[in-house]
Amino acid sequence: MGRAPGLGAPGAEYTRNSFRITTSKPLPIKTYQVKFRISLAVKSSLCMPRTLSTSDMVTPGSLGPPPPEPTDGEQAGQPLLDGAPSSASLDALIEQLVPKADYYPEKAYIFTFLLSSRLFIEPRELLARVCHLCIEQQQLDKPVLDKAQVRKFGPKLLQLLAEWTETFPRDFQEESTISHLKDVVGRIAPCDEAYRRRMHQLLQALHQKLAALGQGPESLLGTDKPVSYRNKPPASIHRELLNICSDPYTLAQQLTHVELERLRHIGPEEFVQAFVNKDPLASTKPCFSDKTNNLEAYVKWFNRLCYLVATEICMPAKKKQRAQVIEFFIDVARECFNIGNFNSLMAIISGMNMSPVSRLKKTWAKVKTAKFFILEHQMDPTGNFCNYRTALRGAAHRSLTAHSSREKIVIPFFSLLIKDIYFLNEGCANRLPNGHVNFEKFLELAKQVGEFITWKQVECPFEQDPSITHYLHTAPIFSEDGLYLASYESESPENQTEKERWKSLRPMIRLHFCIPWKLDAVM
């Protein structure tokens, strides 16, 4: 089976059958156990991400329409990109979103404003205002319509609604938003019945998309409940991963399947809603509370994979078998790197760097660690993950120039992406002192989120193996205490700290596991 070419990251050369070290042994990477509520965790050693210039924008399209006239005596900010103001009042920005017979906003502006506007106004209210402006400006409330004018305006209105429903379908979950759509399109339908048919197709596609999203992982969140087993679970409950999949490349493919499936359910709006604060100029309550379930589920999947890797390593009784499992996961991580699946790569490295695993010195002595040190080097947090960001740029470039679907895959280290967006949000104000919306900030936000949206839409080119993905989702995993107990059973405590911990855990006798999510229904 063919493989995507290596990414050519510094320090290593990857080919189909080789992995050559070209750098000295790096410092060990830290274990990255991620918690979704990162407001406290983000104040780590990470540096502020580089502020990208507006020429770096990759959101499709360029901003072309002329800036709106200043309203209420306010002066709009200087144009930032081909007519997009660096700052403006919310009313002026809404005005620029509204199509006219001879004007249609560029895609980059539509995506940026629809993404960021929810910080200031609820989507349903924004839609109501857009529809009201369309009716008012095109005089759609008159008993007799200017058919020639409406035929110029109608296709542009439908195009805006199509882009909105396609990119942000969850904005239309309430019946009131659908009513606004039907009302405004119903007013132009007498001029051309094709508008009504197009609206029917749009709503049909929207309902299908919402139904698919409704089957996503957000409905499967829940607290893992501990279940106790004496020593290690019976074979009827636990089967080793190597008995199910012994080929590293195959497992890397199946991990990529899981990653892309879960990414597909994350809406772009969740990146904004994850860090939403109450708008100081708003008189109502914040627009959002718990609308980031898919983000949370994806971070939870990362943590599960970390613990699964650690569990599989700590489970075997003999150190030779444990060493074989470690080397297997090193090869899986290497294949994930070559595929462009950095999230699974980091989860595997983090699992192998968990204390219960890293302390197994006799086991690691039997492992050929050269390849592992290279992988650690690629994901080293030094310099704000400089090596990883270089590899990510290489994967992104490969995706843009891809000759096959396998070369299009880019799955970023998700926790770092969230932290980058967090720093962007915290480092720049949403509003300027004069009350204008800081649109320049949201262009930067749209750049990062827009790139992610492009990556998550890639169809997985690998055939799914249900037995492997089922195991990844349902195999029992040790709790943290269970990992330590298994580790101490495999290799006795060496220092006083370990001995005291072992002494405190021994009365438990039983090893604690976490019930895995019932995710097989999703796949």
*Asks:* If we count only N and O atoms by modelled type, under 3.5 Å, do the side chains of Glu376 and Asn353 hold a donor and an acceptor together?
*Replies:*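 Yes, a side-chain donor-acceptor pair sits under 3.5 Å.
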*Asks:* Any heavy-atom pair between the side chains of Phe172 and Thr177 that's under 4.5 Å?
*Replies:* yes
*Asks:* Can any side-chain N or O of Asn384 pair as donor or acceptor with the backbone N or O of Cys386 at less than 3.5 Å?
*Replies:*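 The answer is no, because no donor-acceptor pair under 3.5 Å joins these two groups.
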*Asks:* Please name the pair of heavy atoms, one in Val309 and one in Met352, separated by the smallest distance, quoted to 0.1 Å.
*Replies:* CG1-CG, 3.9 Å
*Asks:* Is any side-chain N of the basic residue among Arg197 and Asp192 closer than 4.0 Å to the acidic one's carboxylate O?
*Replies:* no
*Asks:* Is there a donor-acceptor contact under 3.5 Å from the side chain of Tyr103 to the main chain of Gln96?
*Replies:* yes
*Asks:* Count the heavy atoms belonging to other residues, nucleotides or ligands that lie under 6.0 Å from NE2 of His200, then report whether that count exceeds 12.
*Replies:*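 No - once you tally the heavy atoms of other residues, nucleotides and ligands closer than 6.0 Å, there are 12 at most.
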*Asks:* Does any donor atom in the side chain of Asn438 or Ser87 lie under 3.5 Å from an acceptor atom in the other side chain?
*Replies:* no
*Asks:* Using 0.5 Å steps for rounding, measure from the CG atom of Leu140 to the NE2 atom of His132.
*Replies:*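 Output value for this atom pair is 11.5 Å.
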*Asks:* Taking the side chain as C-beta and beyond, is there a heavy-atom pair between Gln457 and Phe452 under 4.5 Å?
*Replies:* no
*Asks:* State which residue, out of Leu161, Leu160, Val184, Leu157, fulfils the side-chain contact (heavy atoms from CB on, under 4.5 Å) condition with Val130.
*Replies:*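 Answer after filtering Leu161, Leu160, Val184, Leu157: Leu160.
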*Asks:* Asn341 and Ala252: which non-hydrogen atoms are nearest, and at how many Å?
*Replies:*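 Where Asn341 meets Ala252 most closely, the heavy atoms are ND2-O, 4.4 Å.
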*Asks:* Between the side chain of His473 and the main-chain N/O of Thr469, is any donor-acceptor distance below 3.5 Å?
*Replies:* yes
*Asks:* With a 3.5 Å distance limit and no angle check, can you tell me whether Glu296 reaches the backbone of Thr292 through a side-chain donor-acceptor pair?
*Replies:*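 No, the answer is negative, given that no donor and acceptor are paired below the 3.5 Å cut-off.
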*Asks:* How many angstroms lie between CD1 in Ile339 and CZ in Arg406, if you round to the nearest 0.5 Å?
*Replies:*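 Taking CD1 in Ile339 and CZ in Arg406, the distance rounds to 8.5 Å.
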*Asks:* Whether Glu444 and Lys441 form a salt bridge (side-chain N of Lys/Arg under 4.0 Å from carboxylate O of Asp/Glu) is what I want to check.
*Replies:*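 No, this pair does not count.
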*Asks:* Run the side chain to side chain contact (heavy atoms under 4.5 Å, CB included) test on Gln448 and Ile421 for me, step by step, so that the C-alpha distance in whole Å, both residues' side-chain angles and the decisive distance to 0.1 Å come before the verdict.
*Replies:* CA-CA 8 Å; Gln448 294 192 35; Ile421 293 174; 3.7 Å; yes
*Asks:* What about Phe113 and Phe442, are their ring centers closer than 6.0 Å?
*Replies:*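 Between Phe442 and Phe113, which both carry aromatic rings, the centre distance is not below 6.0 Å.
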*Asks:* State, to 0.1 Å, how close Phe342 and Pro412 come at their nearest heavy-atom pair, and which atoms those are.
*Replies:*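 That closest heavy-atom pairing would be CB-C, 4.2 Å.
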*Asks:* Quick one: does any side-chain atom of His257 pair with a main-chain N or O of Phe462 as donor and acceptor, under 3.5 Å?
*Replies:* yes
*Asks:* Would you give the length of the straight line joining atom CD of Glu163 to atom CD1 of Ile110, rounded to the nearest 0.5 angstrom?
*Replies:*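 One finds 4.0 Å between CD of Glu163 and CD1 of Ile110.
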*Asks:* Does Phe414 have its ring centroid less than 6.0 Å away from the ring centroid of Phe302?
*Replies:*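 No, they do not, as the ring centres are separated by 6.0 Å or more.
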*Asks:* With a 4.5 Å cut-off on side-chain heavy atoms, are Pro99 and Tyr104 touching?
*Replies:* yes
*Asks:* Are the charged groups of Lys100 and Glu95 less than 4.0 angstrom apart, N to O?
*Replies:*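 Counted as a salt bridge, because a side-chain N and a carboxylate O are separated by less than 4.0 Å.
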*Asks:* Run the salt-bridge test on Glu174 and Arg124 with the 4.0 Å N-O cut-off and return the result as yes or no.
*Replies:*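 A salt bridge links Glu174 with Arg124.
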*Asks:* Just so I know, are the side chains of Phe413 and Leu392 near enough to count as touching, which here means a heavy-atom distance under 4.5 Å?
*Replies:* no
*Asks:* Between the main-chain N or O of Leu203 and the side-chain N or O of His207, is there a donor-acceptor pair closer than 3.5 Å?
*Replies:*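 Pair found, side chain donor or acceptor close to backbone of Leu203.
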*Asks:* Is Leu114 close to Leu97 at the side-chain level, that is, under 4.5 Å between some pair of heavy atoms?
*Replies:*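 Yes; the side chains approach each other to less than 4.5 Å.
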*Asks:* Short question: side chain of Arg151, backbone of Cys191 - any donor-acceptor pair under 3.5 Å?
*Replies:* yes
*Asks:* Could you tell me the separation between the CG atom of Leu472 and the NE2 atom of His470, rounded to the nearest 0.5 Å?
*Replies:* 10.5 Å
*Asks:* I'd like to check Leu213 versus Arg170 (side-chain heavy atoms, cut-off strictly below 4.5 Å). Are they in contact?
*Replies:*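 Of all side-chain heavy-atom pairs linking Arg170 with Leu213, at least one is under 4.5 Å.
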*Asks:* Stepwise, does the side chain to side chain contact (heavy atoms under 4.5 Å, CB included) test hold for Leu127 with Asp171?
*Replies:* CA-CA 9 Å; Leu127 178 64; Asp171 288 355; over 6 Å; no
*Asks:* Say whether Gln204 and Gln208, considering side chains only, have a donor N or O and an acceptor N or O under 3.5 Å apart.
*Replies:* no
*Asks:* Is the shortest heavy-atom distance from the side chain of Phe111 to the side chain of Phe168 under 4.5 Å?
*Replies:* yes
*Asks:* Answer yes if the ring centres of Phe153 and Tyr195 are under 6.0 angstrom apart, and no otherwise.
*Replies:* no
*Asks:* Within this structure, what is the SG-CG distance for the pair Cys336 and Leu375, rounded to the nearest 0.5 Å?
*Replies:* 9.5 Å
*Asks:* What do the steps show when you test Lys156 against Asp102 for salt bridge (charged side-chain N to carboxylate O under 4.0 Å, His left out), and what is the final call?
*Replies:* CA-CA 9 Å; Lys156 294 182 174 65; Asp102 57 354; over 6 Å; no
*Asks:* Would Met346 and Tyr388 count as a side chain to side chain contact (heavy atoms under 4.5 Å, CB included) if you check the C-alpha gap in whole Å, the side-chain angles of each, and the deciding distance to 0.1 Å?
*Replies:* CA-CA 10 Å; Met346 179 55 96; Tyr388 158 71; over 6 Å; no
*Asks:* Output yes when a side-chain donor or acceptor of Thr165 lies under 3.5 Å from a complementary backbone atom of Ala162, and no otherwise.
*Replies:*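 Yes: the side chain of Thr165 pairs with the backbone of Ala162.
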*Asks:* Checking Tyr298 against Asn343: is there a side-chain donor and acceptor pair closer than 3.5 Å?
*Replies:*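 Result is yes, a qualifying pair exists.
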*Asks:* Where do Leu115 and Ala446 come nearest, in terms of heavy atoms and distance?
*Replies:* CD2-CA, 3.9 Å
*Asks:* For Glu259 and Ser344, which I'm curious about, is there any donor-acceptor pair between the side chains at under 3.5 Å?
*Replies:* yes
*Asks:* Salt bridge check, Glu269 against Arg118: does any charged N sit closer than 4.0 Å to a carboxylate O?
*Replies:* no
*Asks:* Roughly how far, to the nearest 0.5 Å, is the CZ atom of Phe271 from the CG atom of Leu445?
*Replies:*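 Reported to 0.5 Å precision, the distance equals 9.5 Å.
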*Asks:* Does any N or O in the side chain of Thr112 come within less than 3.5 Å of the main-chain N or O of Tyr109, such that one atom is a donor and the other an acceptor?
*Replies:*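 Judged by distance alone, no pair lies under 3.5 Å.
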*Asks:* Which atom pair, heavy atoms only, marks the closest approach of Ala101 to Gln149?
*Replies:*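 Taking every non-hydrogen atom into account, CB-NE2, 3.4 Å.
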*Asks:* Apply side chain to side chain contact (heavy atoms under 4.5 Å, CB included) to Val437 and Arg431, showing your working.
*Replies:* CA-CA 5 Å; Val437 173; Arg431 288 187 185 267; 4.1 Å; yes
*Asks:* Can you confirm whether Glu193 is buried at CD, in the sense that more than 12 heavy atoms of other residues, nucleotides or ligands lie under 6.0 Å from that atom?
*Replies:*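 Enclosed.
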*Asks:* Checking Asp91 against Ser89: is there a side-chain donor and acceptor pair closer than 3.5 Å?
*Replies:* no
*Asks:* Between Asn294 and Glu270, is a side-chain hydrogen bond (donor to acceptor under 3.5 Å, both in side chains) present by the stated rule, with each step listed?
*Replies:* CA-CA 8 Å; Asn294 296 292; Glu270 293 192 49; 2.9 Å; yes
*Asks:* Do other residues, nucleotides or ligands put more than 12 heavy atoms under 6.0 Å from Lys408 NZ?
*Replies:* no
*Asks:* So do Gln201 and Arg196 actually touch side chain to side chain, heavy atoms under 4.5 Å?
*Replies:* no
*Asks:* Which heavy atom in Leu158 sits nearest to a heavy atom in Leu202, and how many Å separate them?
*Replies:* O-CD1, 4.1 Å
*Asks:* Return yes if some donor-acceptor pair links the side-chain N/O of Arg129 with the main-chain N/O of Ile94 below 3.5 Å, else return no.
*Replies:* no
